[in-house]
Engineer: 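Submitted below is the structure of interest, expressed as structure tokens.
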Number of protein chains: 2
Amino acid sequence: MSVAHTEVTHQAAGPCGDDDCGIRDVLDRIGDKWTVLVMVELAKGVRRFRELHRAVPGISQRMLTLTTRRLCRDGLVERTAFATIPPQVEYRLTPMGRSLAEAVQRLADWSREHKDAMEDARTRWDAGHPGEG
Amino acid sequence: MSVAHTEVTHQAAGPCGDDDCGIRDVLDRIGDKWTVLVMVELAKGVRRFRELHRAVPGISQRMLTLTTRRLCRDGLVERTAFATIPPQVEYRLTPMGRSLAEAVQRLADWSREHKDAMEDARTRWDAGHPGEG
DNA sequence: CAGGATCCGGACGGATACTG
DNA sequence: CAGTATCCGTCCGGATCCTG
């Protein structure tokens with residue numbers, strides 16, 4: 001990281017002090033509201049801006065712009081603009097982006113496998129802890 | 001290995017239309033600021049509240065309380081309170097929590113493997129896009 | 001069509017004081 | 001020690017309007 005000039009916060013020496021972590025790095029990238037949804041859509045193939053906008057329900061054009069830009073900046077997505085009228089822009093995952101998409105996909109697999117168990121746990125917890133939100 | 005080969009799966013249903021994905025479910029749980037850090041620490045063994053507080057630098061007692069409670073509610077962490085004076089509370093990962101910790105660990109592995117490449121990509125992007133964040 | 005610029009509410013999380 | 005209660009600033013993201 002190139003933030004040596006500012007305060008380094010959670011890089012100290014905690015649960016990730018030794019050899020692991022980097023967990024925060026990746027979560028800071030995919031932990032937001034839209035990034036993985038855009039990546040999953042791009043994992044299906046090349047998409048134009050408007051196609052992404054429709055394929056990811058609920059995202060605003062502003063957030064789609066910010067999300068794709070961040071993905072491009074991190075080298076996870078490649079942007080190709082054609083100087084046509086009207087303009088046409090294509091987005092596609094880079095090899096590194098595809099590799100991250102696979103890793104994320106495994107998390108999604110885990111989620112589906114344990115979804116029922118987690119809901120049960122929640123139900124049990126809520127039953128034993130009334131008056132809490 | 002599913003995303004790489006089969007580029008186009010099924011067009012219908014957005015990236016996470018309704019039935020599949022589950023990506024948002026798991027990200028809503030681990031995508032916050034502290035959850036995975038607490039989980040990684042608990043992956044090392046049983047911890048008391050104060051131990052967690054010290055092991056995760058920067059976390060406030062409030063956020064530690066909220067984080068552990070959510071983990072307990074989802075069945076990822078088990079809480080054991082001893083009615084001693086002073087009180088003593090132990091936290092440990094459940095089997096499901098350990099399984100999630102492993103999945104998260106793989107993401108962290110990916111992050112470390114590609115950290116340099118992403119920094120390079122950023123540097124290149126920033127060089128070609130002056131005057132932006 | 002693909003964004004940029006701006007305004008704004010609300011959630012997330014930090015700091016502090018208090019309790020059993 | 002292990003929380004609870006309260007106040008408060010920040011910032012993410014939605015809505016809207018404008019541009020090439």
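Values below: all heavy atoms of this structure, side chains included; hydrogens, waters and symmetry mates excluded. Chain A is the first sequence line, chain B the second, and so forth, proteins listed ahead of strands; every chain is numbered from 1.
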Engineer: Would you mind reading off the distance between B:R47 atom CZ and D:dA2 atom C1', rounded to a whole angstrom?
Structural biologist: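 Rounding to the nearest Å, CZ of B:R47 and C1' of D:dA2 are 17 Å apart.
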Engineer: Calculate the interatomic distance between B:H53 atom NE2 and D:dC1 atom P; express it in whole Å.
Structural biologist: 11 Å
Engineer: Roughly, in whole Å, what's the span from CD in A:E51 to C1' in C:dC1?
Structural biologist: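 Atom-to-atom, A:E51 to C:dC1, this comes out as 12 Å.
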Engineer: Report the distance from atom CZ of A:F49 to atom C1' of C:dA2, rounded to the nearest whole Å.
Structural biologist: 6 Å
Engineer: Note down the inter-axis angle between the two ends of the helix from C:dC1-D:dG20 to C:dG20-D:dC1, five pairs each, to the nearest 10°.
Structural biologist: 40°
Engineer: With B:R124, which residues qualify under side-chain hydrogen bond (donor to acceptor under 3.5 Å, both in side chains), at least two apart?
Structural biologist: none
Engineer: Look at the aromatic rings of B:H129 and B:W125 and report parallel, tilted or perpendicular, splitting at 30° and 60°.
Structural biologist: parallel
Engineer: List for me each residue that meets side chain to side chain contact (heavy atoms under 4.5 Å, CB included) alongside A:R62, sequence neighbours excluded, and say none if there are none.
Structural biologist: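 A:R62 satisfies side chain to side chain contact (heavy atoms under 4.5 Å, CB included) with A:S60, A:L66 only.
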Engineer: Give a yes/no answer on whether the side chain of B:R69 brings an N or O atom under 4.0 Å of OP1 or OP2 in D:dG3.
Structural biologist: no
Engineer: Which ones in residues 80-89 of chain A lie close to DNA chain C, meaning a heavy atom under 4.0 Å from one of its atoms?
Structural biologist: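 Contacts with DNA chain C under 4.0 Å: A:P86, A:P87, A:V89.
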Engineer: Holding to salt bridge (Lys or Arg N to Asp or Glu O under 4.0 Å), I want the full list of residues that pass it with B:R29, two or more places apart in sequence or in another chain.
Structural biologist: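 With sequence neighbours excluded, B:R29 shows a salt bridge (Lys or Arg N to Asp or Glu O under 4.0 Å) to B:D74, given in chain and number order.
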Engineer: Using a cut-off of strictly less than 4.0 Å, decide whether B:Y91 has a side-chain nitrogen or oxygen near OP1 or OP2 of D:dG3.
Structural biologist: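 Looking at the OP1 and OP2 atoms of D:dG3, one of them is under 4.0 Å from a side-chain N or O of B:Y91.
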Engineer: Looking at residues at least two apart in the chain, or sitting in another chain, which of them share a side-chain hydrogen bond (donor to acceptor under 3.5 Å, both in side chains) with A:D120?
Structural biologist: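 side-chain hydrogen bond (donor to acceptor under 3.5 Å, both in side chains) list for A:D120, sorted by chain: empty.
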Engineer: What is the distance from CZ of B:R79 to C1' of D:dC1, rounded to the nearest Å?
Structural biologist: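 Those two atoms, CZ and C1', are 12 Å apart.
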Engineer: Can a side chain N or O of B:R50 be found less than 4.0 Å away from OP1 or OP2 on D:dA2?
Structural biologist: no
Engineer: According to salt bridge (Lys or Arg N to Asp or Glu O under 4.0 Å), who are the partners of A:R79, at least two apart in sequence or on a separate chain?
Structural biologist: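 Once residues adjacent in sequence are excluded, A:R79 has no partner under the salt bridge (Lys or Arg N to Asp or Glu O under 4.0 Å) criterion.
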Engineer: Rounded to whole angstroms, how far apart are NE2 on A:H129 and C1' on D:dT4?
Structural biologist: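 These atoms are roughly 15 Å apart.
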Engineer: Does A:Q88 have any side-chain hydrogen bond (donor to acceptor under 3.5 Å, both in side chains) partners at least two apart in sequence or in another chain, and if so, which?
Structural biologist: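 Applying side-chain hydrogen bond (donor to acceptor under 3.5 Å, both in side chains) to A:Q88 gives none.
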Engineer: In whole Å, I'd like the distance from the CG atom of B:L64 to the P atom of D:dT4.
Structural biologist: 11 Å
Engineer: What residues form a ring pair (Phe, Tyr, Trp, His ring centres under 6.0 Å) with A:W34, not counting sequence neighbours?
Structural biologist: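 With sequence neighbours excluded, A:W34 shows a ring pair (Phe, Tyr, Trp, His ring centres under 6.0 Å) to no residue whatsoever.
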Engineer: Using a cut-off of under 3.5 Å, enumerate the N/O to N/O pairs linking the protein to nucleotides 11-13 of chain D.
Structural biologist:
unit_1	atom_1	unit_2	atom_2	d
D:dG13	OP1	A:K33	N	3.1
D:dG13	N7	A:R62	NH2	2.4

Engineer: Mind calculating the distance between CD (B:Q61) and C1' (D:dC1) to the nearest angstrom?
Structural biologist: 12 Å
Engineer: Using ring pair (Phe, Tyr, Trp, His ring centres under 6.0 Å) as the criterion, list what pairs up with B:H114, not counting sequence neighbours.
Structural biologist: B:W110
Engineer: B:R50: which residues meet the side-chain hydrogen bond (donor to acceptor under 3.5 Å, both in side chains) condition with it, sequence neighbours left out?
Structural biologist: none
Engineer: Give me the atom names and distance for the closest heavy-atom approach of A:H53 to A:Q61.
Structural biologist: NE2-N, 3.7 Å
